[in-house]
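Here the structure is a predicted model, which means the values were calculated and not measured. Numbers here simply count residues along the sequence, with the first being 1.
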Amino acid sequence: MSSNLTAVSYGVNLSLSELEHLRKVLSGSGASLTSESRSGDDRFGVYTIGLAVDGATVADLSGLRRKVADAAAPGMDTAIVADALRDASRKLLIMDVDSTLIQQEVIELLAAHAGKREEVAAVTEAAMRGELDFAQSLHARVAVLAGLPAAVVDAVRAEVRLSEGAAELVAAFKAAGHAVAVVSGGFNQILRPIAEELGLDYWIANELEIVDGFLTGKVLGDVIDRAAKEKYLREWAAAEGIDLEHTIAVGDGANDLDMLGAAGIGVAFNAKPAVRAVADAAINMPYLDAVRHIAGV
């Protein structure tokens with residue numbers, strides 16, 4: 001019995017020699033190449049190969065992904081995706097926000113107004129590498145914001161920029177009838193207008209406490225951490241009647257790992273090494289809409 005898979009390669013420069021090497025790696029791993037096509041635009045190229053693998057198991061798929069990743073040339077990444085996901089009539093795309101949907105880390109932009117940007121950035125980096133408990137690190141970082149006027153939230157919101165291709169990615173999924181969600185360890189006050197403008201189906205982040213026009217240095221309620229991200233993936237997929245196998249999760253930090261692992265395919269977007277090492281696929285270029293090609297949208 002054959003398991004139908006697709007190998008999707010993408011990169012700024014896809015050379016013929018690199019693609020030929022990829023074909024050899026796939027064939028040498030026991031995959032039959034059933035089709036090939038090229039696409040992309042003036043930013044990056046895309047090369048898609050249809051595969052048939054007899055009796056493939058989850059372990060076999062992981063092994064094939066590892067072989068392809070180990071053989072990858074600089075500037076080219078390849079995702080091995082089940083056709084059942086690519087062909088699904090309805091999918092759920094769920095994304096992290098800071099350094100994924102948007103280019104910045106919002107907590108660092110806020111901390112700059114308190115003169116603490118470098119200090120907070122160092123803690124953020126350690127947390128994203130998985131060296132610190134996320135909830136504890138968030139509370140410590142938010143504490144430095146105590147006493148700032150609430151107006152800094154508006155100033156920071158104006159500084160936020162979507163990642164390249166983010167709006168196009170969301171629009172493509174929505175136009176095809178799929179659901180799009182984001183779950184963030186950042187803050188509702190920043191995310192809300194972005195989510196509304198993009199027309200996201202679901203979104204959630206932490207809530208900064210503001211009293212009498214000033215930030216208190218605290219967040220309200222439970223922290224949106226690693227476990228919460230996976231929880232919302234499962235809840236929103238169930239609410240939409242979408243199998244987990246038909247979900248795509250995208251993130252860059254250690255607090256995204258559970259979500260990436262639970263999804264049908266987890267994509268590391270310009271991610272920390274610990275995340276790239278375990279994600280199903282990686283995008284190492286600034287164009288978030290490469291996810292479209294992985295998902296077949």
Side-chain angles (χ1 to χ4, degrees), residues 95-167 182-198 203-226 228-229 250-257 259 268-276 283-288:
M95 295 179 284
D96 172 46
V97 176
D98 292 37
S99 297
T100 301
L101 182 71
I102 65 174
Q103 297 178 29
Q104 300 93 343
E105 291 284 335
V106 166
I107 185 65
E108 295 174 15
L109 299 181
L110 288 166
H113 289 268
K116 300 282 189 177
R117 181 164 189 160
E118 291 185 5
E119 172 187 323
V120 166
V123 177
T124 299
E125 278 292 310
M128 292 303 99
R129 290 192 300 264
E131 298 169 3
L132 300 173
D133 175 81
F134 182 81
Q136 291 179 349
S137 74
L138 180 71
H139 288 306
R141 287 175 287 163
V142 172
V144 308
L145 307 179
L148 287 176
V152 303
V153 172
D154 296 324
V156 164
R157 190 184 297 127
E159 296 179 58
V160 169
R161 296 291 179 269
L162 291 175
S163 292
E164 294 188 58
V182 298
V183 58
S184 175
F187 308 106
N188 281 326
Q189 287 93 337
I190 302 296
L191 179 56
R192 183 176 293 110
I194 297 172
E196 291 174 351
E197 181 177 350
L198 291 174
W203 60 274
I204 193 165
N206 297 299
E207 185 81 12
L208 288 168
E209 184 180 59
I210 298 174
V211 176
D212 296 331
F214 292 90
L215 276 65
T216 67
K218 299 177 182 178
V219 292
L220 300 172
D222 295 333
V223 168
I224 304 299
D225 59 6
R226 178 171 170 167
K229 289 191 173 192
V250 188
D252 73 300
N255 63 325
D256 299 314
L257 284 172
M259 175 177 76
F269 181 69
N270 295 314
K272 305 300 182 289
V275 180
R276 292 200 306 270
I283 297 172
N284 295 300
M285 56 183 184
Y287 309 116
L288 188 60

Revision key, fill the gap. CG of L208 to NZ of K218, rounded to nearest 0.5 Å, is 13.5 Å
Check your understanding: Which distance, rounded to the nearest 0.5 Å, do you find between the CG of L101 and the CG of L198?
Key -> 6.0 Å
Check your understanding: Between E105 and S99, is a side-chain hydrogen bond (donor to acceptor under 3.5 Å, both in side chains) present by the stated rule, with each step listed?
Key -> CA-CA 6 Å; E105 291 284 335; S99 297; 2.8 Å; yes
Point to revise | Cationic N near anionic O, under 4.0 Å, R226 to D256 | key: no
Point to revise | Spatial distance of atom CG (D133) from atom CG (D225) [nearest 0.5 Å] | key: 7.5 Å
Point to revise | Interatomic distance, E119 atom CD to E108 atom CD [nearest 0.5 angstrom] | key: 12.0 Å
Review point. Heavy-atom count around E118 CD within 6.0 Å, excluding the residue itself: above 12?
Key: no
Exercise for review: Assess whether side chain to side chain contact (heavy atoms under 4.5 Å, CB included) is satisfied between F187 and V219, documenting all intermediate values.
Suggested key: CA-CA 9 Å; F187 308 106; V219 292; 4.1 Å; yes
**Study point:** F134 and I224: CA distance, side-chain angles, deciding distance, side chain to side chain contact (heavy atoms under 4.5 Å, CB included) verdict
**Key:** CA-CA 9 Å; F134 182 81; I224 304 299; over 6 Å; no
Exercise for review: Could you give me the CA-CA distance, side-chain angles and deciding distance for K272 and D252, then say whether salt bridge (charged side-chain N to carboxylate O under 4.0 Å, His left out) is met?
Suggested key: CA-CA 6 Å; K272 305 300 182 289; D252 73 300; 3.5 Å; yes
Check your understanding: For L215 and L145, which heavy atoms make the closest approach, and how far apart are they?
Key -> CB-O, 3.7 Å
Review point. Salt bridge (charged side-chain N to carboxylate O under 4.0 Å, His left out) with E131: which residues, sequence neighbours excluded?
Key: R129
Check your understanding: Taking only residues two or more places apart in sequence, or in another chain, which ones meet E164 in a side-chain hydrogen bond (donor to acceptor under 3.5 Å, both in side chains)?
Key -> none
Exercise for review: Looking only at non-hydrogen atoms, find the nearest pair between L191 and A205 and report the distance.
Suggested key: CD2-CB, 3.9 Å
Practice item. Would you check, one step at a time, whether the test side chain to side chain contact (heavy atoms under 4.5 Å, CB included) holds for D96 with V182? Key: CA-CA 6 Å; D96 172 46; V182 298; over 6 Å; no
Exercise for review: For the pair R276 (side chain) and A271 (backbone), establish whether a donor and an acceptor sit closer than 3.5 Å, ignoring hydrogens and angles.
Suggested key: yes
Check your understanding: Which heavy atom of I210 sits nearest a heavy atom of A150, and at what distance?
Key -> CG2-CB, 3.9 Å
Exercise for review: Would you indicate whether E197, at its atom CD, is surrounded by more than 12 heavy atoms from other residues, nucleotides or ligands within a distance under 6.0 Å?
Suggested key: no
Exercise for review: State whether a side-chain donor-acceptor pair under 3.5 Å links S163 with Q103.
Suggested key: no
Review point. Quick one: CD1 on I283 to CZ on F269, what's the gap to the nearest 0.5 Å?
Key: 6.5 Å
Practice item. Look at the side chain of Q104 and the backbone N and O of R161, then say whether any donor-acceptor pair between them is shorter than 3.5 Å. Key: yes
**Study point:** Main-chain N/O of Q189 paired to R157 side chain as donor or acceptor, under 3.5 Å
**Key:** yes
**Study point:** Closest approach of L288 to G165 (non-hydrogen atoms, all atoms of both residues)
**Key:** CB-C, 4.4 Å
Review point. How far does CG of D154 sit from CD1 of I190, to the nearest 0.5 angstrom?
Key: 8.0 Å
Exercise for review: Please examine the side chains of I194 and L162, heavy atoms only from C-beta on, and report whether any two atoms are closer than 4.5 Å.
Suggested key: yes
**Study point:** Flag, side chain of N206 to backbone of G186, donor-acceptor distance under 3.5 Å
**Key:** yes
Check your understanding: R117 and L109: side chain to side chain contact (heavy atoms under 4.5 Å, CB included), yes or no, with the steps?
Key -> CA-CA 7 Å; R117 181 164 189 160; L109 299 181; 3.7 Å; yes
Revision key, fill the gap. Closest heavy-atom pair, L257 versus A274, reported as atoms and distance to 0.1 Å, is CD2-O, 4.4 Å
Check your understanding: What is the minimum heavy-atom distance between N270 and P286, and which atoms define it?
Key -> ND2-CA, 3.9 Å
